[in-house]
Each structure stands twice: as C-alpha cells, then as structure tokens.
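What follows is one structure encoded as structure tokens, with my remarks underneath.
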Amino acid sequence: MSDLLANLNAEQLAAVTLPDEPALILAGAGSGKTRVLTTRIAWLIQNGRVSPAGLLAVTFTNKAAKEMMTRLTSMLPINTRGMWIGTFHGLCNRMLRAHYRDAGLPQTFAILDSQDQLSALKRLLKSLNVDDEKYPAKNLQYFINNAKEQGLRPADVEANDDFNRRFVDLYAAYDVQCQREGVVDFAELLLRCYELLRYNDAIRQHYQHRFRHVLVDEFQDTNVLQYQWLKLLAGFGTQNPAAVFAVGDDDQSIYAFRGANVGNMRDFEHEFRVRHMIKLEQNYRSHGHILDSANHLIAHNARRLGKNLRTDAGHGEPVRVFQAGSDGQEASWLVEEIRDLIAQGMSRSEIAILYRSNAQSRVIEHALFSSGIAYRVYGGLRFFERAEVKHALAYLQLLENPRNDAAFGRVVNFPTRGIGARSLEALQDAARQYDCSLAEAVAYVPGKAGSSLGAFVRLIEQMRAETRRMTLPETVEYVTNTSGLITHYRGEKEGQDRIENLQELVTAAQAFVMEEGFGLDALASAIPVGRDGAQAVPALADGDQAQQVLDPEALPVVMTPLVAFLTHASLEAGDNQAQAGQDAVQMMTVHAAKGLEFNAVFITGLEEGLFPHENSAMEADGLEEERRLMYVAITRARERLYLSFAQSRVLHGQMRYHVRSRFFEELPETSLKWLQPPAQAYGGSPRRQQNESGWGRDWFKKPEDVPYSGTKPTGGMDTGNGYADAKRQAGSGLRIGQNVFHNKFGEGVITALEGEGADARANIKFKRHGAKWLALAVAKLDPID
DNA sequence: GGTAGACGTACATAT
DNA sequence: TACGTCTACC
C-alpha cells in the first residue's frame, strides 16, 4: 500500500501527501517534479480521496501529458484514457466538443494552427482591402492572440488611437470570419472554453462539483486566461472549491512571449491563501559544477521566489568552455568533443546540442553530417505541417464541414482544375455579397468559372457520400487518391517524398484509431457509442445537455474518429523526422529542451545578440527571461556541460561579429575550464586568464581541417562542397553492401554502383524511403558502420 | 489560366 | 534560407 511513497525524500513526501487544500510546489530543475505530480495523483486515488473521474491534471505539452499517463498506469491498475489529463488546449477542446451547442460552435469545428491562423488573417485583410504594409497580418496575429490570452474580446480591448482601433476592428472581423467558417484558433479554444464555463451556470457547476482535485504542471508558464480558467474550474470563491495543486518553477519561466505570466504564482499564493508551499530543492540530475553554474547564473535575476538547488552528487567534470573563431570552428569542435564522448561509451542519444534559434542548426548539422555522426533535429517542419499533408487534411475537413473556407481555398484548385485567380475572385465577391461560405457561394457564380467550381463542390459531395461507410484509414486513402493529390505528385520531380508522406498519413490514421481505442473497423464519421463504457452520446443527441452534464461519470466522447484525427493533427503536429528511435545526437532549441535531460549537453552560440538574443533587450524583463532560458539549458545536463561561442558567424546570409555572452561573467569561475586562452573578444576585453588545467586542442593551427573557415560570402553549405565530397567518397571506397547515411533519406545500404567520376551513381536501399538512384556528385553520403 | 524562374525581403523562442 | 510576388511565356 505504501509502495507509492517509497523512495520519496522528505520534501517530496510532504508534497504528495498534502491535505485537500490549495498547494504550491516550487520544484527546481531535476527535483522530481513529474514524479511528485504523478505520485500525488496515484496516492489520492489509491486512498479513495478522489475517483479517477474526479480529478483534472493539466500540462502544456502533449509529451508531458503522455508521460504523466504512462507513469500513472505503472503505479495503479487504472485506465487513464478517460481521465481528464491533458494539455490546456486538449482539455478545452474536449469540453467544447462535449458542449458545442452551448459554446456556439458547430459540432465538427476545425482547429487552426498558427500557420492556418496567419493565412486566415491574410485572406481577411485581402477581402477587406486593408493596406498590409500598415497592418501586417503577423502583427495582427500577435495582437489578436495577445488579447485572447488576456481573456479580452474586441469589445474589451481599449483602443486609444485610430491605429489601435483599426486593429480592434480587424480582430472583430476575424472572429466573425472564424465563426462563419466554423474554425477555432489555439487561443480561441481556451477563451471559448473559459466563456462557456463563465456564462453557463449548469455546466460550470457540473464541472466544479465533479473535479475535486485540480493539478497544474509548469504553473509558471500559465497565462492570464489559463489562470482564470483554472479558477473557474476549481470553483474559486465558491463554498466548496477543489483543491488546486500547482507545481512550477519561476526560474524556468520562458514563455512570456506567448503570454506566460509568472505573476500567476504570486497571485495564486495570495488569492487562494495557500498555506502549503513546499520547495523541492534537492536535485537528482546534475553534477556539482553544473548545478553551481546554474545557481550562480540565476542568482543574477532580481525577481525570484528564491530557491537554491543542492545535490549529493560530487563536483564531477568542470564545465568546458570553447571560444571559436567562427561558427564553422565551433561546429568542428563540437564534432571532436562528441567523438570523444562516443569513444568513452556515451550513447549518441544521451548527447544534446542546444541553441537559441533554429537557424543555428545548419552549420552544426553539416559538420555532424560530414563526420558521419547520426543526429536528429527537433523543430522545423513537422509531419502534420507539411504542405501535402495539409492538403489531404483540408479535403478531410471539407468532408466534415464544407463551410470551412480555409480548407476550401487551400484545395479548390489543388491539384489544378482550371480555377484560377479570376474565378476565385468572383467566388469571393459572391460570398461577400451573400454573406455565406465559399462553398455556398458557388451557386452564385455564373459561366465557366461557375461550372468548374460546381464540379469541385460535386467532387467533395461525392467523396462525402462514398466515404460514409468507410473507416478512417480507408477514408484517408480514398481522399488522397480521389482528390488527385497522388496523381499530381506522381508527375512532380520531387513528388515521391510527398507521396510517401501521404501514404504515411494513412498509416498514421491506422495507428490513431488503434491508440485512441476506436478500433480498426469504426466508421470514420460515426460517433462511437459505449466507448470506454461512456454513455454521453444519446443525451447529447436529445439536445438535453443538462442531463448529460449531471452524470458525473459520463465521459463526453463526442468526436467521430475523423474529427478526432483532425483535432489530433492540429494539436499535435507530430514529429519531424523518420529516424525516431535511432541512436542519434539530439539537436534542438533551448525552448524545446525544457523538461528533458541528457548526460552531455552542449550550449552553443553563447554570444551577445544571439544568447541573450538582441530582440530581448526591447522587452520588459527580456534579459531576465533570457537568463532563465540559459538556466533551463544548463540544468538539462547530468554529467557533462559544454559552452561555446564564435567570434564570427554567418547569420541571415551575412557575416556577423559577436562578443561572447555576458552569461559567462555570471558563472562561477571555479567550475569552468577554458579550453584555450580567452582571446581578445571583439570590442570587449578578456576577463579571464588561463587557468590551471591548460589549453585544449589548438584549433587555429589547422585551418585546413575546418570545413568552414567563414570566408564565404554566404552560408552556402550546399555550394561548392558537393563535388569535393563526391571525390572524397569515391576515394574512400563506397562499395556494395556498405551502409550509408543520407541527410534526407536516413540510413540505407548500397545495392549497386555505376559510372565513374562525375557520372558515378549508386543505388541505395533506404530503410524508410525505399530504393533510390543517387548521383554521387550531388548526394551527400556518409559511410556508417 | 497555368507555370517556371527571377527578384526582393525578412528572419526568436511555440501549444 | 525560404517564401511571396511579379513577369514572361505556353
């Protein structure tokens, strides 16, 4: 029985077993935060303090939510699927689906991701003939999201000048457009759900009665609206509020740019009269020098709740610091250090390379690639964000809701059907005139344009009819074929990859229906009845929501497999690379690294202007946020930490010269090991002298070993080197049977070789992309073992 | 009406 | 580098 509590330290134990009252847990990096949160849930359930249906736990990322469910399943024999554990967006979506009518939404509302939102805004600005020089869609997007994150509708936003008034008007027009099209953006999910709870007494009271415990992860990253939502849900100010258990770390607040408000922690403490505040300061992750560095650094921030991490682990290795002449040298040094680590037996996936912005990854990728070190880059274009996948999803969205103008506009002429800009303009005019959706406006367009448009609408209708009795994977496959997408890409020279992604989408649909418990034979567009033993659907069909919400065990599972899949695609953009699971060095931004840990961590590009980023200087609290970001980066490391900066680097196609980051002056000198004399920084002065540990490798003596001398006018990593690489490869003896690594296709094996010199070609069978002929003069191949 | 190529411009972090 | 817009030409 007490198994759950075994191996918790005193602080953790106290947190897990707190009474049913508001609590704030200040959990330092690596202090077992997730463990405390999940053990708390398990303990509450095991001791009968709450039923699985009576608690709600919310996180920010899908990854964290999944992790929580996995751990919970391993602690208790319960099915977590029906539980209210998820992200803010996921949980709000779920509530909105269950109460779509009260929320004023169509049952099958679609979710816009940031990209979709931006194009919706561009469309709006165009239709209103707004000068996009003066009112750029991006600024408008920022304005709207910012307002929504504060819980403000257009009428609530104060506009003190004409310029701002225009923004407010556009915000209002955007909301009207979304409503007409039946789409909802990320911020709207939260705001709409908040309003649902706020203005509908029956629903609010239902959830307030139902959730006796509300647990919040990463509380420091909540925005104003999320906090308000939590207060409503937890019945703040009512007779019988839920116990809110908030876990967070003010030192790790790094999302101010998307509305995170660290002040929520203080507000929570005061408003909820928190009597239980527990600090988890015992760090189980990092060696001493690493932790000292983190503590020293973060002490430079003024506004903190105050916390100091301690560890029982020894000092470990000092933090290695490298000053490179250029970004290319920095990358070469990384490669050498990583080789050493691998030689010492560290697995690649335990090594992470972190950087401030995604653009920095390329030079590093190139160096790793040339050295044949497998790597994986997080971020960038993810699976569900790819153009061809989005096209297929747009067709699927039209099956659910033909009024979705975003989806309609995306594919009405893709593949091309003779519906050009002229026809579309006529269609948009008609839609405006009759105040209807594009699909409905088709009837008003005369002539040839009208008939081509009509044919498209009939195509969609036909697809809807034909897929009525299909399962989700069948529907996806049918749509990719019948839409003409596959045929279209077959005719394109780079089309094969896109076709494979479309096939992958079918596979993803198969996996999805299995994982989500729909099963392989569930119809795509039918609401499953009795799933998870839930009986939520019939009540909804009656239109009697009160009945449904009064049943505390009812799980509002009202999504059809297709709607659920589309939702999944919007809320979880998926992974970006095929080689998951492969033992590869991990590359990502510091933001993306939050919540993760690695044996060895490289923090690169530690230069003024980059990290701290130059744009941060413009924001209030900007520098402190950068420092917290650096704190997050440092505390990712368990055993080894490496810091590097380059005096020159190619950025946006231009050579830039940087001074090393001020953060170096904020780290404890005794924990650092400079790998060579800290030379005169550009425009700055050296603070440090050589320390006792001596110099590292002398990189400056062997410029010929450095793939990037930084002398090229542009980044140009693909130019020039290709042919030289090919010669080197030819010389290095590629042979049949040889395993190779390709940047794009991943691992493969050579099955044939042909031609010589510039004509040399190899047939390679790739694990994930099938067989391909690649010209050695062009393809970048590296032998692997 | 479709399409390929040239040109200009911008670009931090992300559910 | 990557994407939107413009232009020439089919």
Side-chain angles (χ1 to χ4, degrees), chain A residues 58-65 86-93 111-115 117-119 122 126 132-133 136-138 141-142 145 148-149 185-190 218 221-223 225-226 253-260 354-363 365 378-382 384-385 387 413-425 448-449 452 488 491-493 567 570-574 588-594 605 609-619 622 625-626 628-630 632-633 650-654 656 714-719:
Chain A
V58 62
T59 67
F60 275 86
T61 65
N62 294 297
K63 203 175 185 179
T87 64
F88 280 99
H89 294 89
L91 295 177
C92 285
N93 172 60
I111 300 168
L112 304 181
D113 65 21
S114 311
Q115 266 179 48
Q117 185 189 32
L118 189 63
S119 32
K122 284 181 179 166
K126 215 168 202 173
D132 57 358
E133 298 265 294
K138 276 216 157 158
Q141 182 180 33
Y142 176 82
N145 289 339
K148 288 189 179 180
E149 280 154 10
D185 61 48
F186 282 153
E188 182 74 20
L189 278 176
L190 301 174
E218 307 276 18
D221 283 334
T222 52
N223 62 34
L225 178 58
Q226 285 158 340
S253 169
I254 57 173
Y255 282 108
F257 70 91
R258 64 172 198 210
L354 309 185
Y355 32 80
R356 178 65 179 84
S357 66
N358 280 306
Q360 288 164 252
S361 70
R362 294 186 184 278
V363 181
E365 273 187 76
Y378 288 77
L381 201 59
R382 295 184 289 183
F384 287 112
E385 291 168 350
N413 198 34
F414 196 96
T416 52
R417 306 186 168 87
I419 301 170
R422 281 275 172 95
S423 309
L424 276 181
E425 216 163 280
K448 185 174 155 278
S452 335
H488 171 83
E492 253 191 9
K493 51 184 189 300
T567 302
S570 308
L571 293 181
E572 280 186 71
M588 65 194 84
T589 63
V590 182
H591 281 92
K594 189 169 176 205
L610 248 192
F611 201 180
H613 197 276
E614 52 203 358
N615 295 1
S616 70
M618 324 239 291
E619 274 144 45
E625 173 129 331
E626 293 291 303
R628 291 193 290 270
L629 198 50
M630 180 67 182
V632 167
V650 178
L651 213 59
H652 310 319
Q654 275 198 320
R656 304 228 323 201
T714 65
M717 50 175 279
D718 286 332
T719 53

Open item on the list: What I want to check is whether the side chains of A:Gln141 and A:Asp185 have a donor and an acceptor closer together than 3.5 Å.
Closed with: no

Task: Gap between atoms CG and P, on A:Asp185 and B:dA14 respectively (whole Å) - done: 19 Å

TODO: Return the value, rounded to whole Å, for the distance between atom CD of A:Glu425 and atom C1' of B:dG1.
DONE: 14 Å

Task: Steps toward side-chain contact (heavy atoms from CB on, under 4.5 Å) verdict (A:Gln360, A:Leu610) - done: CA-CA 10 Å; A:Gln360 288 164 252; A:Leu610 248 192; 3.5 Å; yes

Task: Residues which pass salt bridge (charged side-chain N to carboxylate O under 4.0 Å, His left out) with A:Arg656, listed by chain and number, not counting sequence neighbours - done: A:Glu614

- [ ] Please determine if a side-chain N or O atom of A:Asn145 lies less than 4.0 Å away from the OP1 or OP2 oxygen of B:dA14.
- [x] no

Task: Side chain proximity check, A:Phe88 to A:Thr222, heavy atoms < 4.5 angstrom - done: yes

Task: Residues forming a salt bridge (charged side-chain N to carboxylate O under 4.0 Å, His left out) with A:Glu218, sequence neighbours excluded - done: A:Lys33, A:Lys594

TODO: Check the distance between B:dA14's P and A:Leu189's CG and give it to me in whole angstrom.
DONE: 20 Å

Are any protein N/O atoms closer than 3.5 Å to N/O atoms in nucleotides 8-13 of chain B? If there are, list each pair with its distance.
from	atom 1	to	atom 2	distance (Å)
B:dC11	N3	A:His652	ND1	3.3
B:dA12	OP1	A:Asn615	ND2	3.4
B:dA12	N6	A:Glu619	OE2	2.9
B:dA12	N3	A:Arg356	NH2	2.6
B:dT13	OP1	A:Asn358	N	2.8
B:dT13	OP1	A:Asn358	ND2	2.9
B:dT13	O4'	A:Arg356	NH1	3.2
B:dT13	O2	A:Arg356	NH2	3.1
B:dT13	O2	A:His591	NE2	3.3

Task: Protein proximity profile, nucleotides 2-10 of chain C - base contact B, sugar-phosphate-only contact S, no contact -, cut-off 4.0 Å on heavy atoms - done: S--------

Task: A:Asn223 CG - B:dA14 P separation (whole Å) - done: 17 Å

Task: Partner residues of A:Phe257 under the ring pair (Phe, Tyr, Trp, His ring centres under 6.0 Å) criterion, sequence neighbours left out - done: A:Tyr255, A:His591

Task: Sugar-phosphate, base or nothing in reach of A:Ser114, heavy atoms under 4.0 Å - done: base

Open item on the list: Just the rounded figure in Å: distance from P of B:dT15 to CZ of A:Phe384.
Closed with: 15 Å

Task: Lys/Arg-Asp/Glu bridge criterion (N-O < 4.0 Å) met for A:Glu625, A:Arg628 - done: yes

- [ ] Could you pull out the closest heavy-atom pair between A:Asp221 and A:Ser253, with the gap in Å?
- [x] OD1-CA, 3.6 Å

- [ ] Take atom CD of A:Gln654 and atom P of C:dT1, then tell me their distance rounded to the nearest Å.
- [x] 17 Å

Task: Sequence-distant partners of A:Glu149, salt bridge (charged side-chain N to carboxylate O under 4.0 Å, His left out), two or more places apart - done: none

TODO: Grab the NZ-P distance between A:Lys63 and B:dA14 for me, whole Å please.
DONE: 13 Å

TODO: Figure out the CG/P separation between A:Leu571 and B:dA14, and round it to whole Å.
DONE: 17 Å

